[in-house]
Amino acid sequence: MRLLTLDSFSKREEPRSKDVGKVDDLEVEKVGKLQEETEGYVKPKPIAQDRRPRSLDTSILLSVDYDGAEGRAYAKLYCLEDGMVYFWYDNTGHKPYCLTDTSLEDVKRIPEIASHKGLEGLEEVKLYDAVNDEERVMTKIIAKDPLSIGGKPSGSIRDILQPRVWEANIKYHDCYMYDTGIIPCMPYRILDGRLIPVEVDLPREAKAFIDSLEGIGGEERDLIERWMKRLEYPVPRMKHLVLDIEVASPYPSRIPDPRKAEYPIVAVALVDSEGSKRILLLEMHGKPREDLSIDGVSVEFYRDEKLLVEEVFKAIDRYPIVVSFNGDDFDLRYLFHRAEHLGFQRSDIPITLSRDSASVRFGIHLDLYKFFFNRSIQVYAFRSRYYENTLEGVASALLGVGKISLDKPISDLSYRELAEYCLRDAELTYGLLSYGGWLTFNLMVILSRITGTTLEDLCRQGVSGWIRNMLEREHRARGWIIPRREDLLKVKGGATTKAVIEGKKYRGGHVIKPEPGVHFQIAVLDFQSMYPSAMQRYNLSYETVRCRHEECRSNIIPGTAHWVCRSRRGVTSLLIGSLKDIRVRWYKSKAKDKSLPSNLRDWYSTVSESLKVLINASYGVFGAENFAFYCPPVAEATAAIGRYAIEETIKEARRLGLRVIYGDTDSLFIEKPDPEKIVRLAQWVKSNLLMDIDVDKVYRYAVFSVRKKNYIGVYEDGSVDVKGLTGKKRNTPEFLKIAFAEMTKLLGQVTNEREFEDVKRKIKDLVRRYYSKLKKKELTLEELAFKIMLGKPVEAYKKTTPQHLKAALLLKSIGREVDVGDIISYVKVAGKIGVKPIELASIEEVDIAKYVDHLRTTFQPILEALDIDFNEAIGLSQLDFYGFSFA
DNA sequence: GCGGACTGCTTACCT
DNA sequence: ACAGGTAAGCAGTCCGCG
């Protein structure tokens with residue numbers, strides 16, 4: 001009976017070229033057995049059967065879906081024992097529902113409801129309304145199926161009840177998970193037909209840690225235990241299949257339309273986590289089959305596209321996790337529609353499409369494109385190491401390997417070229433998932449467990465979706481009504497402060513004007529997680545800010561017209577606070593613990609980074625209009641507490657005699673600090689503001705100009721931080737970046753004030769050298785290019801025509817496709833338009849004067865601080881010209 | 001009709 | 001579609017100037 005585990009499939013024959021017929025026979029036989037194995041209540045096929053329930057070993061919950069034919073929810077479970085996916089159908093009788101504040105009797109009298117075909121029943125429920133701080137009796141309208149609640153073009157229950165309807169927009173699979181309390185990516189068993197969580201026992205050390213927590217309430221302690229159980233349970237290795245397809249389009253730069261699927265699928269790469277690599281090629285007319293062998297790869301030719309696609313479908317059916325890069329919008333969508341054209345029955349296509357996702361029938365489909373494009377993931381998890389949203393961009397930045405570049409359309413490639421190209425894409429995608437000891441996948445699993453979002457949704461939603469899920473689940477668990485956005489906005493109102501930037505909703509962080517010049521011995525003090533701490537310590541949450549109690553109105557948040565509740569603990573304050581506490585007190589410190597083996601440290605560090613993603617986003621979402629719990633006063637109060645904290649801390653620092661030379665939002669730069677005074681300041685902050693500050697870094701010296709958010713800091717070891725300066729921006733021409741880097745290297749060598757004179761001379765030489773390079777045009781177009789990302793489609797620029805757009809338009813005029821997210825490389829040239837893409841320019845036409853201006857502005861902030869005059873620096877080139885070289 | 005002062009748009013950065 | 005604050009360069013407009 002083990003025959004059908006994925007293991008047996010992965011141990012397939014040696015890589016070889018093989019013929020269609022053979023492959024086909026083999027697979028038909030296996031699929032037949034798959035069906036046989038699947039009998040019973042628990043089954044890997046959504047077929048209605050009512051057999052005696054059987055038990056299932058420890059399995060990981062992958063997702064929950066609704067089976068329309070069965071009329072109930074089912075869970076997809078990945079059995080750790082045999083590596084197969086099983087379906088468990090709900091037998092608790094859970095049904096979709098929504099709420100109304102109309103009484104049960106009155107609801108009965110609404111004829112469209114009473115006679116609604118989808119109505120299952122009505123029920124009176126007592127729930128807590130946190131917005132208004134009162135218990136309410138609501139009527140639960142239970143439906144036979146999710147579509148009856150909402151989603152039909154007309155006649156849905158929620159449309160009939162409008163506007164007196166609550167919780168009608170929650171996806172049913174989420175609703176099911178909230179109510180049953182089941183958590184994706186956690187282990188379950190099936191006993192006596194019931195889905196039962198596997199009890200997770202915390203390691204002794206972890207229990208001791210929880211017991212040792214001081215100054216933490218019981219509620220928060222319970223939460224910490226809950227999080228830790230989800231985080232300490234290991235991430236099991238699950239089997240993945242990466243899939244990538246190539247389509248023979250006659251247009252080289254145009255992506256074929258997956259809805260039309262008019263061109264044949266000529267290659268499919270299948271790379272799995274067990275080491276198997278297959279490439280399926282379509283034999284094309286007039287192109288005889290080659291005897292292809294690629295090391296470690298099974299190359300398979302197909303005479304018939306239908307058979308090729310069939311083979312791909314069989315592979316999809318065999319894996320619990322199917323992975324793609326942009327499969328939602330392309331690969332799976334194309335496969336689906338192509339299969340339709342090729343005459344497949346719907347039931348033989350293992351893919352289901354919805355508006356912006358594609359899913360597979362047995363396992364789950366993860367689209368890495370959306371996950372890597374997620375800003376929070378980009379910034380916090382991968383530290384902005386990539387910034388393009390393409391496979392090429394992400395892979396070459398993280399893996400150091402890019403796509404194979406093509407100079408002709410797919411249809412002109414030889415079989416070998418095509419095979420290698422397609423395989424590379426799949427390998428890169430696999431590499432992104434398994435990268436750094438499965439960092440990406442671990443990250444997803446951790447976020448999934450904490451927020452209760454399935455991996456499939458996690459990939460596709462943003463951080464506001466994740467946090468919404470976490471909060472909604474918490475509401476259901478507590479018996480709270482999930483507030484409606486419009487009620488929140490109406491009751492809590494908008495912002496009361498004025499933003500510095502026109503058009504923003506409220507005032508944000510405070511930036512202190514730097515003291516220009518060179519400053520030695522700088523300690524940089526940082527508030528630890530300032531905004532999350534503010535939310536935790538000041539009890540910020542949508543229901544506590546501007547609460548209903550008269551007696552709380554005097555509890556004013558400084559700098560605002562808002563107050564905060566004294567009597568109830570805010571739910572976001574509690575959730576964010578507990579996540580922050582376990583991160584700082586357990587995972588972050590474990591990640592730094594050198595006595596632990598490195599793989600364990602990596603795990604702790606991954607958990608720590610995942611928590612950071614959630615914690616850091618927790619403030620911003622409340623100011624985001626699309627967030628389900630959008631509440632401007634919460635975001636505004638958070639930022640206001642931050643400003644209050646830093647301003648009061650500066651005052652106290654000055655009282656203590658500390659010299660504050662710069663600060664931004666949650667940081668303070670202090671010159672030549674007395675360590676004792678720093679300790680006193682930290683104590684003051686702790687007892688007066690209930691927050692933590694510590695010395696985040698120490699600079700041997702730092703260089704400031706008058707500009708905020710622009711400085712250079714040199715560490716004790718000579719390494720250099722460059723912040724905000726033009727010389728390190730990614731759109732700055734390479735030669736300026738190189739020149740600037742040369743300068744920072746010089747600055748890194750300075751250890752005391754005396755050495756500055758020498759370095760100042762060297763910097764002048766450097767500037768003059770690059771000036772002369774420019775004058776002599778000893779630079780390539782590549783080095784001179786500005787590389788600017790096209791922020792929107794070409795047609796969307798209505799108000800102005802920026803230079804990178806002009807260059808893009810020139811590219812378009814010679815037939816090159818340009819798209820959102822493309823990086824346009826152009827140089828500044830003489831003439832009316834003033835710019836040319838580097839593909840069309842020559843070095844002779846480059847406008848040198850413009851580049852001298854850029855040389856000036858790149859160096860200006862630093863020269864200013866060092867009291868060097870740019871003109872004087874390059875003026876030396878005149879002397880140089882006449883032979884008075886200092887070199 | 002030309003150029004400087006100004007505003008607004010755009011991108012990339014900082015926290 | 002997590003937030004606001006800052007810098008820089010350019011596009012486009014207004015306004016004064018015989």
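Per chain, numbering begins at 1; letters A, B, ... match sequence-line order.
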Considering only C:dG9, C:dG5, B:dT11, which nucleotide approaches the side chain of A:His854 most closely?
C:dG9
Identify which nucleotide among C:dG5, C:dG12, C:dA8 has an atom closest to any side-chain atom of A:Arg507, counting heavy atoms from C-beta outward.
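Closest nucleotide among those given: C:dG5.
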Can A:Glu817 and A:Lys812 be counted as an ion pair, charged N to O under 4.0 angstrom?
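No, no charged N to carboxylate O under 4.0 Å.
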Indicate whether OP1 or OP2 belonging to [N] is found under 4.0 Å from a side-chain N or O atom of [X].
X	N	value
A:Tyr506	C:dG5	no
A:His510	C:dG5	no
A:Thr857	C:dG9	yes
A:Lys798	B:dC9	no
A:Lys787	B:dT11	no
A:Arg468	C:dC2	no
A:Thr726	C:dA8	no
A:Thr800	B:dT7	no

Quick one: sort the [X] and [Y] rings into parallel, tilted or perpendicular, breaks at 30° and 60°.
X	Y	value
A:Phe740	A:Phe859	tilted
A:Tyr797	A:His804	perpendicular
A:Tyr369	A:Phe325	perpendicular

Please list all pairs meeting salt bridge (Lys or Arg N to Asp or Glu O under 4.0 Å) that have one or both residues in residues 486-503 of chain A, counting only residues at least two apart or in different chains.
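Pairs touching residues 486-503 of chain A that pass the test: A:Arg484-A:Asp487.
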Select base, sugar-phosphate, or nothing to describe what A:Lys792 touches, counting heavy atoms under 4.0 Å on all strands.
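Since only primed, P, OP1 and OP2 atoms lie under 4.0 Å of A:Lys792, the category is sugar-phosphate.
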Classify the nucleic acid contact of A:Lys498 as base, sugar-phosphate or nothing, counting any heavy atom under 4.0 Å across all strands shown.
nothing
Pairs under 3.5 angstrom, nitrogen or oxygen only, protein versus nucleotides 13-15 of chain B, please.
from   : atom 1 : to       : atom 2 : distance (Å)
B:dC13 : OP1    : A:Arg730 : N      : 2.8
B:dC13 : OP2    : A:Arg730 : NH1    : 2.8
B:dC14 : OP1    : A:Gly724 : N      : 3.0
B:dC14 : OP1    : A:Lys728 : NZ     : 3.4
B:dC14 : O2     : A:Lys709 : NZ     : 2.9
B:dT15 : OP1    : A:Tyr711 : OH     : 3.1
B:dT15 : O3'    : A:Asp666 : OD1    : 2.3

Can you tell me if A:Thr390 and A:Glu392 form a side-chain donor-acceptor pair at under 3.5 Å?
no
Can A:Arg730 be said to sit on top of A:Tyr387's aromatic six-ring, NZ or CZ under 6.0 Å from centre and within 45° of the ring axis?
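The answer is yes; both the distance and angle limits are met.
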